[in-house]
Structures are given as C-alpha cells and as structure tokens.
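Worksheet for the structure shown next.
Heavy atoms only: backbone and side chains are in, while hydrogens, waters and symmetry mates are out. Naming: A, B, ... by sequence-line order, numbering from 1 per chain.
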Amino acid sequence: MSRCWLFKSEPDVYSIGHLERDGRTHWEGVRNYQARNFLRDEVKPGDRVLYYHSNADPPGVAGLAEVVRAGYPDPAARDPESEYYDPKASDEDPRWYRVDLAFRETFPALVPLDALRAAPGLEKMLVINRSRLSVQPVTDEECEIVLRLGRAGA
DNA sequence: GCCAACGTTGGC
DNA sequence: GCCAACGTTGGC
C-alpha cells in the first residue's frame, strides 16, 4: 500500500525542473528529527511525493515524484566538505537519512499555497498549518485533490 | 527584509 | 528536566 507525502524544496536550490533534468536524485540534507523519522521509518519505494516549492513566489506544489529507494544513512552528514556535515554522525549512529526520488511529472501550472488553502478537502493539510515540517504525510484523499488541481493547470 | 512560529541548545 | 536564549524556516 503506497502512501503520499509532501516534500519541500527551495526552487532556487533544487526545483522540480532540476529533478526533471536529473531524472532522479538523492533527497539529502534533511536535518529535522520529525522529518528524519519519516525518511528513516516510513517513506517507501512506490510512495508518491508532492513536490512543494518553499521560499518561492508564490510557494506551492509544482509536480509529482516517486520514491525509488527507502531511507538509508545520508553520506552528507559524514562529509566535512558538505554544508550538511554533522560531526555527531557516525557509523554506529548515522543520525540523518536520505531517500532517492525519481521525477514523475511537472504540473502545467503550480498549485499555489493560496489554492491549497481554498480547496475543499485540504483544510487539514499539514503544509497549511505546520508549514515548517519539510517531509509531511499526506492522506490519499488530499493527494488526489492536489493532483487533480495540478493536472488541471488551474 | 521582516518577523512569527517553532525547533534546538545549553545552563542550571 | 525546565526553560530562556538563540537560530532557522518560510510566508508575506
């Protein structure tokens, strides 16, 4: 049974366009424990990922990706050259995890946060009231509504 | 660029 | 284990 998630990325750093170009990517650099727990324990291959552009104008869901590898230790945490380096990470305790994503689609038009707020059925979406969590679970119903909005290009 | 929300750190 | 200080996120 696959699930649906919302992952946030700043498009200036790595947008849906970058993912489309690359085909797939390592979702590294998550340094928040709640988001880490999702990546480590619950995000599975075949799960859908709504790709959200944060710190953007406007912010919103830009497309769809799919998980192709479940959580495994994030090598960036062990790399002193990386901006995501964490001296407390070790072989015994990797602390941080990443998953791999594959590109699926870019919506004909971004679904702005305003539209999510206004859409019936999305009142409880975490992105609306817990906006800081960078990896969030999305219910199947919410996922379908967002995909419908995105594919409609409204 | 501002600032509110909120997660993390560290002194006690 | 509390909580104040601090840093970061992210919408506007």
Between C1' on C/dT8 and OH on A/Y84, what's the gap in Å once rounded to a whole number? 13 Å
With distance as the sole criterion, is a donor-acceptor pair present between the side chains of A/D86 and A/W96 under 3.5 Å? yes
Does the side chain of A/Y72 come under 3.5 Å of the side chain of A/H26 through a donor N or O and an acceptor N or O? yes
Whole-Å distance between C/dG11 C1' and A/L116 CG? 13 Å
Provide, to the nearest angstrom, the distance between the NE2 atom belonging to A/H53 and the P atom belonging to C/dT9. 17 Å
How about A/Y97 and A/N37: does a side-chain donor come under 3.5 Å of a side-chain acceptor? no
Atom-pair distance (CZ on A/R36; P on B/dG7), nearest Å: 15 Å
For a quick check of understanding: with a heavy-atom distance under 4.0 Å over all strands, which category does A/R117 fall into, base, sugar-phosphate or nothing? sugar-phosphate
When you measure from the side chain of A/P59, which nucleotide among C/dG11, B/dT9, C/dT8 comes out closest? C/dG11
May I have the distance from A/L6 (atom CG) to C/dG10 (atom C1'), rounded to whole angstrom? 14 Å
Is any side-chain nitrogen or oxygen of A/Y33 closer than 4.0 Å to OP1 or OP2 of B/dC6? no
Just the rounded figure in Å: distance from P of B/dG1 to CG of A/N55. 13 Å
Of C/dT9, C/dG11, C/dC12, the nucleotide closest to the side chain of A/Y52 is C/dG11
Measuring from the side chain of A/L113 (C-beta onward, heavy atoms only), which nucleotide among C/dG10, C/dC12, B/dT9 has the closest atom? C/dC12
Interatomic distance, A/L126 CG vs B/dG7 P [rounded to whole Å]: 12 Å
How many Å lie between CG on A/N32 and C1' on B/dA5, as a whole number? 14 Å
Are A/R117 and A/L122 packed together at the side-chain level, in the sense that at least one heavy-atom pair is separated by less than 4.5 angstrom? no
